[in-house]
Q: 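Let me give you the structure first, and then I'll get to my questions.
Note that these values count all heavy atoms, side chains included, but never hydrogens, waters or copies made by symmetry. Note that this is a predicted model, so its numbers are computed, not measured.
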Amino acid sequence: MLRKPLLTLLLALLLAGGFAYGLVRLFMLRYEVGDIYPPYSSLRADPLGTRALAEALDDLPDVEMQRNFKPLPKLRAEHPVTLVYTGVPHRSVWTEPELAAFDSMVVTGSRAVFTFFPIASRPTAAEEKLDSEQERTKKKEKIEQEKPAARKKKSSEKKKPDEKKPDEKKPADKDSKDTDKDGSEKYFVDFNTVAKRWGFQFDYLPEEKKPSPRQPPPGSARPAFESGLMHHEKRQAALIEPGGHLETDIQWHSALCFRDLKPQWKVLYVCGTMPVVIERKYGAGSIVLVADSFFVSNEAMSKERHPKLLARLFSGPSPVIFDEESRGLRDNPGIASLARKYRLHGFFAGLFLLALFFVWKNAVRFIPAYEPQFAESDVVAGKDSQEGFVNLLRRSIRPSIVFETCVAEWRKAFVKKPREMAKVEEVWAEEQTRPARERDPVATYRAISRALVRKSSA
């Protein structure tokens with residue numbers, strides 16, 4: 001039978017292995033479904049994701065699909081690409097470096113496809129303001145996480161001149177509204193400003209029916225898949241492009257639309273009288289804006305496929321890059337990422353096994369305990385220290401030189417006492433003059449001891 005410590009160790013290892021397997025399996029299921037990712041992410045496999053579209057594009061012979069987890073200025077594409085932004089909030093915020101990098105890529109031949117996050121109906125002014133503030137706050141937090149030290153240093157440098165001149169009043173500036181308290185307002189650009197640069201404005205379709213009693217919480221943008229729009233008749237988007245080889249009608253799941261289009265824009269679909277799918281040339285490249293993202297979702301790939309429209313949207317240069325960084329999915333390499341990159345799985349597995357063996361070695365004795373094999377009669381009783389010293393002298397000093405050894409020790413002990421030492425030398429010399437047979441070391445030792453005692457008492 002196994003010993004109790006070994007059995008306990010084996011049970012602990014089995015429990016730890018079962019727990020680790022269950023934990024890994026749970027994470028695998030979560031990541032396979034992808035519901036931990038934002039809506040319309042290409043990593044998400046549930047109805048709200050776009051993974052089916054991304055993998056379908058990757059299966060095409062002349063199309064390469066990639067995902068971008070880096071900030072746009074660090075993408076550095078060597079050739080024109082097709083940038084895909086799915087589920088973009090129309091209140092989202094850009095930074096000036098991102099906008100400059102985007103313009104540079106599209107002007108040189110890239111194609112950009114934007115599908116905006118669907119909403120059910122026109123939000124109130126308070127909801128729009130709250131959404132804008134939330135998007136700006138998210139963007140600022142993301143920037144602060146990227147370069148916290150650089151931004152702190154920059155803000156401290158800006159505050160130093162003001163600290164030296166506390167009484168000096170700042171002159172009024174016409175552009176004071178363009179900068180916030182940390183002087184970073186001009187660094188952030190909302191999508192409404194970008195829309196003006198590109199030559200259009202956002203608008204909302206009129207309400208067709210009253211929403212259902214189920215109301216979203218105040219302050220939300222009321223997405224279509226969570227609001228009353230899914231409880232009544234869906235809108236229809238009609239093809240308006242002359243001679244367009246696209247689907248004639250498609251179901252529309254969003255109240256967002258476009259207005260005030262400049263002549264450069266070409267309208268592909270309208271919902272009622274409002275444009276909802278538009279396209280334009282932008283330098284050597286092109287930009288496509290779609291006011292709904294449902295038709296690119298996994299649910300639409302199963303129920304409402306529109307292959308002609310998808311082929312038109314993704315007709316740009318390869319590779320097709322789904323941007324995940326804009327949704328907060330950024331590539332932050334850590335220990336786990338480096339381990340996967342350099343294939344260090346075996347190394348860490350070896351370390352784990354080595355730790356297990358170390359615990360096993362300290363928990364289990366492989367050598368049996370020593371059990372003495374002798375009877376009680378074989379045990380020898382011990383002696384005190386004096387008897388041990390006598391035995392040591394008997395084994396180390398010959399009997400013929402015992403007295404000489406004592407004299408040598410007396411000489412060492414009475415170096416600073418010449419009178420006592422003179423008496424010892426006198427007795428010793430008298431003993432040496434006798435013949436060997438007449439010598440009595442015991443009597444001589446006693447005589448020396450008595451002489452030393454008399455000298456010390458005197």
Q: Determine the minimum heavy-atom distance between Glu299 and Phe294, stating which atoms define it.
A: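 Nearest heavy atoms, Glu299 then Phe294: OE1-CE1, 3.5 Å.
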Q: Taking atom OH of Tyr204 and atom OG of Ser254, what is their separation to the nearest 0.5 Å?
A: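 If I round to the nearest 0.5 Å, the distance is 9.5 Å.
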Q: Using 4.0 Å as the upper bound for N to carboxylate O, is an ion pair formed by Arg327 and Glu324?
A: yes
Q: To the closest 0.5 Å, what do you measure between OG (Ser110) and CD1 (Ile321)?
A: 8.0 Å
Q: Between the main-chain N or O of Arg312 and the side-chain N or O of Ser315, is there a donor-acceptor pair closer than 3.5 Å?
A: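 Side chain of Ser315 to backbone of Arg312: a pair is present.
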Q: Would Phe314 and Val63 count as a side-chain contact (heavy atoms from CB on, under 4.5 Å) here? Give the steps.
A: CA-CA 10 Å; Phe314 299 101; Val63 179; over 6 Å; no
Q: Which value, rounded to the nearest 0.5 Å, describes the distance between Ser297 atom OG and Glu304 atom CD?
A: 8.5 Å
Q: Between Arg235 and Gln251, is the side-chain contact (heavy atoms from CB on, under 4.5 Å) condition met? List the steps.
A: CA-CA 6 Å; Arg235 299 181 174 95; Gln251 289 188 356; over 6 Å; no
Q: Mind running side-chain contact (heavy atoms from CB on, under 4.5 Å) on Val277 and Phe295 for me, showing each step along the way?
A: CA-CA 12 Å; Val277 182; Phe295 75 100; over 6 Å; no
Q: Can we call the ring centroids of Phe202 and His90 under 6.0 Å apart?
A: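 Judged by ring-centre distance (under 6.0 Å), Phe202 and His90 do meet the cut-off.
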Q: Would you confirm whether Thr50, through its side chain, and Val296, through its main-chain N or O, come within 3.5 Å as a donor-acceptor pair?
A: no
Q: Among Glu135, Glu133, Glu128, find the one that has a salt bridge (charged side-chain N to carboxylate O under 4.0 Å, His left out) with Arg91.
A: Glu128
Q: Between the side chains of Arg111 and Thr82, is a donor N or O closer than 3.5 angstrom to an acceptor N or O?
A: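 Per modelled atom types, Arg111 and Thr82 side chains form no pair under 3.5 Å.
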Q: Looking only at heavy atoms, which two atoms of Pro73 and Ala101 are closest? And how far apart?
A: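 It is CA-CB, 3.8 Å.
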Q: Donor-acceptor pairs under 3.5 angstrom involving side-chain atoms of residues 261-271: please list them, not counting sequence neighbours.
A:
{"unit_1": "Trp265", "atom_1": "NE1", "unit_2": "Trp198", "atom_2": "O", "d": "2.9"}
{"unit_1": "Trp265", "atom_1": "NE1", "unit_2": "Gly199", "atom_2": "O", "d": "3.1"}
{"unit_1": "Lys266", "atom_1": "NZ", "unit_2": "Glu241", "atom_2": "OE2", "d": "2.8"}
{"unit_1": "Tyr269", "atom_1": "OH", "unit_2": "Glu247", "atom_2": "N", "d": "3.3"}
{"unit_1": "Tyr269", "atom_1": "OH", "unit_2": "Glu247", "atom_2": "O", "d": "2.5"}

Q: So Val189 and Arg197, do their side chains get closer than 4.5 Å, heavy atoms only?
A: yes
Q: Under the rule for ring-ring contact (aromatic ring centres under 6.0 Å, His included), what residues qualify as partners of Tyr85, not counting sequence neighbours?
A: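 Per chain and number, Tyr85 pairs via ring-ring contact (aromatic ring centres under 6.0 Å, His included) with Phe114.
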Q: If we only count heavy atoms from C-beta on, is the Glu55 to Met301 side-chain gap below 4.5 Å?
A: no
Q: Between Asp203 and Arg122, does any side-chain N to carboxylate O distance fall below 4.0 Å?
A: yes
Q: Between Lys196 and Thr193, is any pair of side-chain heavy atoms under 4.5 Å apart?
A: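 Heavy-atom side-chain distance check fails, nothing below 4.5 Å.
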Q: Distance check, rounded to the nearest 0.5 Å: Ile250 atom CD1 versus Asp292 atom CG?
A: 8.0 Å
Q: How many angstroms lie between CG in Leu130 and CD in Glu127, if you round to the nearest 0.5 Å?
A: 8.0 Å
Q: More than 12 heavy atoms of other residues, nucleotides or ligands under 6.0 Å from CZ of Arg76: is that the case?
A: no
Q: Show the nearest heavy-atom pair for residues Val288 and Glu279, with the distance to one decimal.
A: CG2-CG, 3.8 Å
Q: Are there more than 12 heavy atoms of other residues, nucleotides or ligands under 6.0 Å from atom CZ of Arg259?
A: yes
Q: Has Ser293 got a side-chain atom pairing as donor or acceptor with Thr86's backbone, closer than 3.5 angstrom?
A: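 Here the side-chain-to-backbone pair does not exist.
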Q: Nearest heavy-atom pair of Pro275 and Cys257: which atoms, and what distance?
A: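 Minimum heavy-atom separation between Pro275 and Cys257: O-CB, 3.4 Å.
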Q: Could you pull out all residues at least two apart from Trp94 that satisfy ring-ring contact (aromatic ring centres under 6.0 Å, His included)?
A: Phe102, Phe191
Q: Decide yes or no on side-chain contact (heavy atoms from CB on, under 4.5 Å) for Leu83 and Leu72, but give the supporting numbers first.
A: CA-CA 10 Å; Leu83 284 173; Leu72 197 58; 4.3 Å; yes
Q: Heavy-atom distance under 4.5 Å between the side chains of Leu256 and Phe117, does that happen here?
A: no
Q: Please tell me if the side chains of Tyr40 and Val88 come closer than 4.5 Å, counting only heavy atoms from C-beta onward.
A: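 Heavy-atom side-chain distance check fails, nothing below 4.5 Å.
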Q: Less than 4.5 Å apart, side chain to side chain, heavy atoms only: is that true for Leu351 and Phe347?
A: yes
Q: Would you compute the distance between atom CZ of Arg67 and atom CG of Asp323 and round it to the nearest 0.5 angstrom?
A: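 Arg67 atom CZ to Asp323 atom CG measures 12.0 Å (nearest 0.5 Å).
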